[in-house]
Structures are given as C-alpha cells and as structure tokens.
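See below for the structure under consideration.
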Amino acid sequence: MAPGLLDLVHLTTWAVCAVIKLPQLVAVLRARSAWGLSVGSLLLELAGFLVFLRYQIYYDYPLETYLEYPIIIAQDVILLFCIMHFSGKTKRALFYAVVFWVGWYMLTLQKWIIDLAMNLCTFVSAASKLVQLQHLWQTKDSGQASALTWGMSAYTCATRIITTVMTTNDLAVLIRFIIMLILNIWVTATILHYSKTKKTD
C-alpha cells in the first residue's frame, strides 16, 4: 500500500476517533439517562485503552499508530462521568480515577508487566464488549446505546488492522484489533436489532 494511502487511513481514523463517543454522549445528555449502557463495559474498555496506549508508548511505536487513544480515553472519561452522574454514583468516579492513575504507572515498572498486560488487554477489551452485549440481551432494549458510536469503533478497528500490518506488524496488536472488529460489529448489530424491535412495538 502506498504511503499516501497509509496517511489517508491514519487521517480518517483520527477524524472518526475525534468524535467517536459524541453520539453516545449526546444520547445520554439528551435523555439525562444512561439506560442501556453498562458501567462495567465502559470501565473495562477504558482499562483496555489505557494498557494499549501505555504499551505503544513503552515500545516507542510511531505516534500515528496510536494518536487517537488519548482522544478516545478523554471521551470515555467524560462519558463515564456522565453515566455515573445520571446513575447517582458520582463519588465513585474519584475512586476509579485513582485506580487507573496508579495502574498507568505500575504497568511499566517491569517489561514483563507491560507485555503481560498487553496480552491480557485483548481479553479485557473483549470482555468489555461482551458485558455490553450481555446487558443488551438482558434488557432487550438498546436504551441510549449508540449504534453510530459502535459502528465507528468497528471502522477504526478495521483501519488499525491495515496500519498495524503496514507499520509495526505486532501480532498481539493485530489479534486485538481483529477480535475487537468482530465484537464491535456484533454490538452494533445488536443495538440496531433492539432499536428496530423497540420502534415496531
């Protein structure tokens, strides 16, 4: 693939990630409710993103292969705070912030820790999607879950499969993106299914 095409893939990924959580945030803020969203799923996703970002930085991978992660993490933190606010659990946010901050620094105390964390990161990130799926299946209601946000997540995983193959060729990273692509498509389809079911009732 030509360098120009690689740059285009990076740019579209960054553009999508700049607004990836906005549809979800808008839905939550408009409804003043977090119905349909799983706090556990969001916490697992945030943990996975933090580990992945730390891994990329630790191994000095090219900035363009992970530039979107600080943006997504910031959006996830805002979304988490909104969900906790509307659920009446705002005080818990400080606890989670401290846990993530301590974890961020502990990840690079030893090389084996960051390597193990990256391998576990795929399971943690997959668990976040499975927890959201379970929540959707139990409630049979998409609530405020945004199919657009999840669809954009699927797109960014697809683009990152391409960029990983072309730049770092890191197998652990590649496997992570393939699994996340499949699960993001599954969550998107489930949200659309329950949105359609809700409209026909």
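What you are looking at is a predicted structure, and each value in this text was computed from that prediction instead of being measured. Throughout, numbering of the chain's residues begins at 1 and tracks the sequence. For the numbers below, each heavy atom of this structure counts, side chains included, while hydrogens, waters and symmetry mates do not.
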Answer yes or no: is there a donor N or O on one side and an acceptor on the other, between the side chain of [X] and the main chain of [Y], under 3.5 Å?
| X | Y | result |
| --- | --- | --- |
| Thr12 | Val9 | yes |
| Ser38 | Val131 | no |
| Arg176 | Thr122 | no |
| Gln24 | Ser146 | yes |
| Gln75 | Cys17 | yes |
| Ser142 | Ala145 | no |
| Thr149 | Ile20 | yes |
| Thr139 | Asp141 | yes |
| Gln132 | Gly36 | yes |

Decide whether Arg160 and Thr13 meet the rule of one side-chain donor and one side-chain acceptor closer than 3.5 Å. no
Is the closest side-chain donor-acceptor distance between Ser128 and Ser41 under 3.5 Å? no
If you round to the nearest 0.5 Å, how far is [atom2] of [Y] from [atom1] of [X]?
| X | Y | atom1 | atom2 | result |
| --- | --- | --- | --- | --- |
| Thr168 | Asp60 | OG1 | CG | 12.0 Å |
| Thr190 | Ile185 | OG1 | CD1 | 11.5 Å |
| Ile72 | Met152 | CD1 | CE | 10.0 Å |
| Phe81 | Asp76 | CZ | CG | 15.0 Å |
| Trp104 | Leu53 | CH2 | CG | 4.0 Å |
| Cys157 | Leu181 | SG | CG | 6.0 Å |

Within-4.5 Å side-chain heavy-atom neighbours: [X] and [Y]:
| X | Y | value |
| --- | --- | --- |
| Tyr61 | Thr167 | no |
| Glu45 | Lys129 | yes |
| Ser33 | Val28 | no |
| Leu46 | Leu50 | yes |
| Gln56 | Pro62 | no |
| Ile114 | Met118 | no |

Do [X] and [Y] belong to the same hydrophobic cluster, where Ile, Leu, Val, Met, Phe, Trp and Tyr are linked whenever their side-chain heavy atoms lie under 4.5 Å apart, directly or via other members?
| X | Y | result |
| --- | --- | --- |
| Val51 | Val173 | yes |
| Val165 | Ile179 | no |
| Leu116 | Leu171 | no |
| Ile73 | Leu80 | yes |
| Leu37 | Leu183 | no |

Using the side-chain hydrogen bond (donor to acceptor under 3.5 Å, both in side chains) definition, which of the options Asn119, Asp170, Thr108 pairs with Tyr55? Asp170
Describe, in one word, how the ring planes of Phe52 and Tyr69 are oriented to each other, choosing from parallel (under 30°), tilted (30 to 60°) and perpendicular (over 60°). tilted
Is the ring pair Trp101/Tyr105 parallel, tilted or perpendicular, if the boundaries are 30 and 60 degrees? perpendicular
Minimal non-hydrogen separation, [X] against [Y], with atom names:
| X | Y | value |
| --- | --- | --- |
| Leu174 | Thr164 | N-CG2, 4.1 Å |
| Gly151 | Thr188 | N-OG1, 3.3 Å |
| Ile71 | Ala18 | CG2-CA, 3.8 Å |
| Leu29 | Phe86 | CD2-CE1, 4.0 Å |
| Ile113 | Leu107 | CG2-O, 3.5 Å |
| Glu64 | Glu68 | O-OE1, 4.4 Å |

Criterion side-chain contact (heavy atoms from CB on, under 4.5 Å) on Ile78 and Lys21, from CA distance to verdict: CA-CA 9 Å; Ile78 294 166; Lys21 298 292 180 169; over 6 Å; no
More than 12 foreign heavy atoms under 6.0 Å from OH of Tyr59: is that the case here? yes
Enclosure of Trp137 CH2 (heavy-atom neighbours >12, cutoff 6.0 Å): yes
Residues Leu136, Ile191; criterion side-chain contact (heavy atoms from CB on, under 4.5 Å); working and verdict: CA-CA 7 Å; Leu136 290 166; Ile191 291 169; 3.7 Å; yes
Please, which pairs that meet ring pair (Phe, Tyr, Trp, His ring centres under 6.0 Å) have at least one residue in residues 153-172, sequence neighbours excluded? none
Aromatic contact, Phe100 with Tyr96 (centres under 6.0 Å): no
Before giving the answer on side-chain contact (heavy atoms from CB on, under 4.5 Å), spell out for Ile162 and Leu5 the whole-Å C-alpha distance, their side-chain angles and the decisive distance to 0.1 Å. CA-CA 10 Å; Ile162 295 166; Leu5 190 52; over 6 Å; no
Can you list everything that forms a ring-ring contact (aromatic ring centres under 6.0 Å, His included) with His10? Sequence neighbours excluded, please. Trp14
When you look at Arg92 and Lys89, which way does the side-chain contact (heavy atoms from CB on, under 4.5 Å) test go after all the steps? CA-CA 6 Å; Arg92 243 187 238 174; Lys89 300 176 183 175; 3.9 Å; yes
